[in-house]
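Down below is the structure, laid out as structure tokens.
All chains are named by letter (A, B, ...) in the order of the sequence lines, taking the proteins before the strands, and each is independently numbered beginning at 1.
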Amino acid sequence: MPEGHSVRRLAQQFGDVFSGETLAVSSPQGRFTAGAALLDGQVLTEARAHGKHLFLHFDHAVVLHVHLGLYGAWDFGGDATFRGASSIGAPRKIGESEVFGDARAPAYAGPPEPKGAVRVRLVGRHGWADLRGATTCAAITEAEAQSVLARLGPDPLRNQPGDRARFVQGLQSRKAPIAALLMDQKVIAGVGNVYRAEVLFRQRLDPWLPGNAVPEEAAGLLWDDTAAVMADGVRDGRIITTPASYWAEGAVPPSADDAHYVYKREGLPCRVCAATVGITDLLGRKLYWCPGCQSP
DNA sequence: GATTAATGCTAAA
DNA sequence: TTAGCCTTAATCT
């Protein structure tokens, strides 16, 4: 259940532990057998993330394209060398995809029997990775990978020159509510339901404000804040949008309850103005906002 | 033990 | 517009 920060961490992880290695690729579940055969025995050259899309590039110009969707996940395991190379490290928050089975595992003796429906398994010399539950798992060409990228908007975690202007332009050229546009991966890639709610609150923006009614300065600041808070997410391995002054005494890092301003806080008093945090359905997803802080 | 909802999206209808 | 992915944790009975 990742937003862009998790996928960025996964790309970093694959680069750290598998880059330059010949990988054994299989599909224990059987639904990716043909694709796995295309990748089996090839060398991983680069792992990249754009928004919520992960691209594992192999040296024969075939790319493993993965999108985790709502509940896809990668599990990793391996020996001390593998764990030492990991940018993710020790087990962390339950529910994240970035979990090691057992950090104190004995010496690596190959991957375990697949548990559940493992769509694809990558095995290197020092460790393994299992993918399950993904929306997209495909072996594609470099050209096809490019066309996937072409359908995506700017990624605030890449924040390349011109990205900020592209976002502002993309937002202002549409009349849909800003809360809907933030979830549109063509407008901005990598934002999900948590960051959507939290950055709108942080910028005190009315979720129903049409994109074309957002002032240019506010749109730019929204991009900047999204980039900053998502970069924190990459560092922390979780979404924390509140400053330490909102955390319970001595709670560093904060509990889940204290890490957000409005996400999943419906019915509770706003941390800033004490108005009751609201919830509504927008395009099939739950939208959380503070009617006091985020009024038109 | 069963049911539901979830940090999402694609493709079929 | 809806099914599907086929997991996980929290909430029900």
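Contact between the side-chain N/O atoms of A:Y71 and the OP1/OP2 oxygens of B:dG8 is not found at any separation under 4.0 Å. Put simply, A:R285 has a side-chain N or O that comes within less than 4.0 Å of OP1 or OP2 on B:dT7. Taking only side-chain nitrogens and oxygens, A:R119 comes nearer than 4.0 Å to OP1 or OP2 of C:dC6. Within the 4.0 Å cut-off from OP1 or OP2 of B:dA5, not a single side-chain nitrogen or oxygen of A:K286 is found. Between A:K52 and B:dT7 there is no side-chain polar atom (N or O) within less than 4.0 angstrom of OP1 or OP2. Side-chain nitrogen and oxygen atoms of A:R238 include none within less than 4.0 Å of the OP1 or OP2 phosphate oxygen of B:dT7.
With hydrogens and angles disregarded, a donor-acceptor distance shorter than 3.5 Å links the side chain of A:S27 to the backbone of A:F32.
Atom C1' of C:dT2 sits at a distance of 22 Å from the matching atom of B:dT7, rounded to the whole Å. Comparing C:dC6 with B:dA12, their P atoms are spaced 16 Å from each other, to the whole Å.
A straight line from CG of A:D281 to P of C:dT1 spans 12 Å, rounded to a whole angstrom. Between the C1' atom of B:dT7 and the CD1 atom of A:I279 lies a distance of 14 Å, rounded to the nearest Å.
The environment of CD in A:Q160 is crowded: more than 12 heavy-atom neighbours from other residues, nucleotides or ligands sit within 6.0 Å.
Listed nucleotides: B:dA6, B:dC9, C:dC6. Nearest to the side chain of A:Q29: C:dC6. In the set C:dT7, B:dT7, B:dC9, C:dT7 carries the atom at the smallest distance from any side-chain atom of A:A117.
Relative ring orientation between A:H65 and A:F55 is described as parallel, the plane-to-plane angle staying below 30° on a 0-90° scale split at 30° and 60°.
In this structure, A:R265 is not positioned above the aromatic face of A:Y263 in the sense of NZ or CZ being under 6.0 Å from the six-membered ring centre and within 45° of the axis.
Side chains of A:H57 and A:E142: a donor-acceptor N/O pair is present below 3.5 angstrom, by distance only. Defined by atom type and a distance below 3.5 Å, a donor-acceptor pair is missing between the side-chain atoms of A:D163 and A:W223.
A:I239 is connected to A:V191 through a chain of hydrophobic side-chain contacts under 4.5 Å among Ile, Leu, Val, Met, Phe, Trp and Tyr, so both are in one cluster.
If you check residues 133-147 of chain A against DNA chain C, the residues with a heavy atom closer than 4.0 Å are A:G133, A:T135, listed by number. Residues of residues 176-201 of chain A having a heavy atom closer than 4.0 Å to DNA chain B, listed by number: A:Q185, A:G192, A:N193, A:V194.
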What's the verdict on side-chain hydrogen bond (donor to acceptor under 3.5 Å, both in side chains) for A:H50 and A:D155, showing C-alpha distance, side-chain angles and the deciding distance? CA-CA 6 Å; A:H50 191 107; A:D155 179 346; 4.8 Å; no

Residues A:Y246, A:Y261; criterion ring-ring contact (aromatic ring centres under 6.0 Å, His included); working and verdict: CA-CA 9 Å; A:Y246 288 91; A:Y261 283 105; 5.4 Å; yes

